[in-house]
Each structure stands twice: as structure tokens, then as C-alpha cells.
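Order of the sequence lines fixes the chain letters, A, B, ..., with proteins taken first and strands second; residue numbering starts at 1 for each chain.
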Amino acid sequence: MAHWLFKQEPSCYSFENLEADGLTTWDGVANALAQKHLKNAKKGDHAFFYHTGKDKAVVGIMELASDPAPDPADEKLAVVNVKPVKKLKNPVTLAAIKADDAFASWELVRMSRLSVMPVSDTIWKKILAMSEGSV
DNA sequence: GCCAACGTTGGC
DNA sequence: GCCAACGTTGGC
């Protein structure tokens, strides 16, 4: 199972919105590289939900509820359905991530504008550990 | 509010 | 097909 990180501005759509909805279609990914990543995702994969803007933190985990499919509004773009898994015990902030060299090569740090990116098992586990406050 | 990084667009 | 100019995004 692969892991991903999806970014969203919480004033636009937050993890709380997702929890309230139970399921949503993740669309509006226009960036070519982000699209490439999104199309590699599979139903059942897990993804972090990252809040940009004021929060700048990983706040929750979601599961892909479908394989990538063409956006009805734009056939060239892929969209995917996601459902919430759980909210992190503590958000893992960008500042905390940047402070740890283990994340230095991660796209989240290196390419601030990328909205969909892969997450290695190592990083996935480390973020989870940090969210539990044990690192 | 400003700046830097990156993507996209348009002219050649 | 290449490159410069411009716009947008996201962090500080």
C-alpha cells in the first residue's frame, strides 16, 4: 500500500469538513506533477491531509475510496474519492518537519507548491510517531 | 504584506 | 521548439 500527502487550504476544505461529509471527491488538482502522483494512487491507499496557510500542518489521515478517475468537469484531470480515517492526536507542523533532517529531501519541504506527493514508509511512520508525541 | 519558487503563456 | 515575461501559490 502506498502513502500520499494531499494539501488543502482549510478555509476551503478542512479535515473537519471531510469528517463531517464522510466522503468527498478530491478534485481541482491542476499541477502536472501532482496529477502524475494522483494517477499513481490506488483505492485503499492512505494519505495525510495537510493544511496550508495558517495551520501548515499534517492534521489527519484519509483513505482512498476509489481509484483515480477522470474529472467529469475536465477529462484530462484525475480526481479521487477519499474518506477520513482519523484525525491525528497532535498536528505535525511544517516547522517540526523542517526541523528534522530526516525530511530534508521530502517534496513537502523542497517543493512548497506541490499539492499531491508520495510519502515513503519511513516518513509515514515518522510523522505518525510525531503525531503521537513520542518523538 | 512581501518575497521566492515554480508553472504557464505568448512571442519569436 | 525555445525563452522571457507574467501570474499564482504558499511560506515567512
[atom1] of [X] versus [atom2] of [N]: gap in Å, rounded?
{"X": "L114(A)", "N": "dG10(C)", "atom1": "CG", "atom2": "C1'", "result": "12 Å"}
{"X": "K54(A)", "N": "dG1(B)", "atom1": "NZ", "atom2": "C1'", "result": "17 Å"}
{"X": "D55(A)", "N": "dT9(C)", "atom1": "CG", "atom2": "P", "result": "19 Å"}
{"X": "L94(A)", "N": "dG10(C)", "atom1": "CG", "atom2": "C1'", "result": "10 Å"}
{"X": "H51(A)", "N": "dG10(C)", "atom1": "NE2", "atom2": "P", "result": "13 Å"}

- Task: With sequence neighbours excluded, give me every salt bridge (Lys or Arg N to Asp or Glu O under 4.0 Å) pair touching residues 13-24 of chain A.
- Result: E16(A)-K87(A)
Any pair with a residue in [range] that passes ring-ring contact (aromatic ring centres under 6.0 Å, His included), sequence neighbours left out, goes on the list, sorted by first then second residue, please.
{"range": "residues 59-92 of chain A", "result": "none"}
{"range": "residues 65-123 of chain A", "result": "F103(A)-W106(A)"}
{"range": "residues 110-130 of chain A", "result": "H3(A)-W124(A), F48(A)-W124(A)"}

- Task: Respond yes when some side-chain nitrogen or oxygen of K98(A) is under 4.0 Å from OP1 or OP2 of dG11(C), and no when none is.
- Result: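 False: K98(A) side-chain N/O out of range (4.0 Å or more) of dG11(C) OP1/OP2.
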Expected rows: protein N/O vs nucleotides 6-8 of chain B N/O, under 3.5 Å:
{"from": "dC6(B)", "atom 1": "O2", "to": "R113(A)", "atom 2": "NH1", "distance (Å)": "2.3"}

- Query: Which ILVMFWY residues are connected to L18(A), directly or by a chain of links, through side-chain heavy atoms under 4.5 Å apart?
  - Reply: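 Once heavy-atom contacts under 4.5 Å are chained together, L18(A) belongs with W4(A), F6(A), Y13(A), F15(A), W26(A), V29(A), L38(A), F49(A), V59(A), M62(A), L64(A), V80(A), V82(A), V116(A).
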- Query: When you look at T25(A) and N81(A), which way does the side chain to side chain donor-acceptor pair (under 3.5 Å) test go after all the steps?
  - Reply: CA-CA 4 Å; T25(A) 300; N81(A) 288 334; 2.7 Å; yes
